[in-house]
Amino acid sequence: MKKEVDYEAATEYDWTLFTIEDEKAYRKILISMPYDPKLAKFFHEQKQMQRKENSRRDRYLINRNADTVSRKRMEQMALNLYLEEEQQKEEVDAVMREMERLNFTDKRRLEAYLYEQKTFREIAVRDGVSKTTVYRSVHMAIGKIRKGIMRSDIRS
């Protein structure tokens, strides 16, 4: 059932209209920003598309003949999906741990670039430095994160 929503009348995001993944990824960021009805509509549409895709996939799996998809194969597919999701969580956790190790300035610039989608020029103006300095800072921060993840992978 399609949920009718008046995005313009709302004053804050309705998290039930978000996919679980989108809520986890964007909740902290969106709470700190003013409510945007276009963004709310976008995330709701993403959830609706995901529901349709899940429904199609489920119907396909249910309608397939039991001879062609064994129970063991179905269990293996479910396990693979679970393992992929767990691996993605571990990768995100590793990136977040490495971001916490960055110095304040690099972390702030990287977050402005990635999360706030500010340009190098905008960050440079805010920090009172050159665009090149910000570029180097952001790219070095990304390099430090990669290096830290590689180090932790080697130790594992």
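These values consider heavy atoms only, across backbone and side chains, with no hydrogens, waters or symmetry-generated copies.
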Handout entry: Neighbour count >12 (heavy atoms, 6.0 Å) for atom CG, L81
Key = yes

Fill in the blank from the handout: Rounded to the nearest 0.5 Å, the CG atom of D127 sits from the OG1 atom of T133 at a distance of 10.0 Å

Problem - Minimum side-chain heavy-atom gap L83-Q87 below 4.5 Å - result: no

Exercise for the section: Check whether L39 and I31 end up in the same hydrophobic cluster, where Ile, Leu, Val, Met, Phe, Trp and Tyr are linked by side-chain heavy atoms less than 4.5 Å apart. Expected result: yes

Exercise for the section: To the nearest 0.5 angstrom, please state how far the CG atom of L102 sits from the CZ atom of R108. Expected result: 14.0 Å

Problem - Neighbour count above 12 (heavy atom, 6.0 Å) for R27 CZ - result: yes

Fill in the blank from the handout: Here the pair of heavy atoms bringing T19 nearest to K47 is CG2-CA, 3.5 Å

Practice task
Could you tell me whether E98 and R101 have a side-chain N and a carboxylate O separated by less than 4.0 Å?
Solution key: yes

Problem - Nearest heavy atoms of K118 and Y113, plus distance in Å - result: O-CD1, 3.5 Å

Problem - Residues, nucleotides or ligands: over 12 heavy atoms within 6.0 Å of R146 CZ - result: no

Exercise for the section: May I ask whether M33 and L110 are part of the same hydrophobic cluster, defined by side-chain heavy atoms of I, L, V, M, F, W, Y residues being less than 4.5 angstrom apart, directly or through others? Expected result: yes

Practice task
State, to 0.1 Å, how close D106 and A141 come at their nearest heavy-atom pair, and which atoms those are.
Solution key: CB-CB, 4.2 Å

Problem - Within one Ile-Leu-Val-Met-Phe-Trp-Tyr cluster: V134 and F104, side-chain cutoff 4.5 Å - result: no

Problem - Residue pair Y13, D36: steps toward the side-chain contact (heavy atoms from CB on, under 4.5 Å) verdict - result: CA-CA 8 Å; Y13 294 100; D36 182 353; 3.6 Å; yes

Exercise for the section: Find out whether R126 and R109 are in side-chain contact, i.e. whether some heavy atom of one side chain is under 4.5 Å from a heavy atom of the other. Expected result: yes

Handout entry: Distance in Å, R121 CZ paired with S130 OG, rounded so as to fall on 0.5 Å steps
Key = 10.5 Å

Practice task
State yes or no: are the ring centers of F18 and Y26 separated by less than 6.0 Å?
Solution key: no

Problem - Side chain to side chain, M49 and E53, heavy atoms closer than 4.5 Å - result: no

Practice task
Dump the intermediate steps for side-chain contact (heavy atoms from CB on, under 4.5 Å) on F42 and D22, then the final yes or no.
Solution key: CA-CA 11 Å; F42 169 79; D22 284 343; 5.7 Å; no

Handout entry: Hydrophobic cluster membership, L17 vs W15, 4.5 Å side-chain cutoff
Key = yes

Handout entry: Approximate separation, where rounding is to 0.5 Å, of I149 CD1 and E90 CD
Key = 12.0 Å

Practice task
Could you check if a side-chain atom of Q50 sits within less than 4.5 angstrom of a side-chain atom of E21, using non-hydrogen atoms only?
Solution key: yes

Problem - Pair V5-D14, side-chain contact (heavy atoms from CB on, under 4.5 Å): steps then yes or no - result: CA-CA 10 Å; V5 180; D14 178 356; 5.9 Å; no

Problem - Separation between CD1 of I123 and NZ of K131, rounded to the nearest 0.5 Å - result: 11.5 Å

Exercise for the section: Could you check if a side-chain atom of Y7 sits within less than 4.5 angstrom of a side-chain atom of H44, using non-hydrogen atoms only? Expected result: yes

Problem - Shortest non-hydrogen contact between F120 and H139, atoms and distance - result: CZ-CE1, 4.2 Å

Practice task
State yes or no: do I20 and Y82 share one hydrophobic cluster built from I, L, V, M, F, W and Y residues joined by side-chain heavy-atom distances below 4.5 Å, directly or via other members?
Solution key: no

Problem - Salt bridge present between E86 and K89 (N-O < 4.0 angstrom) - result: yes

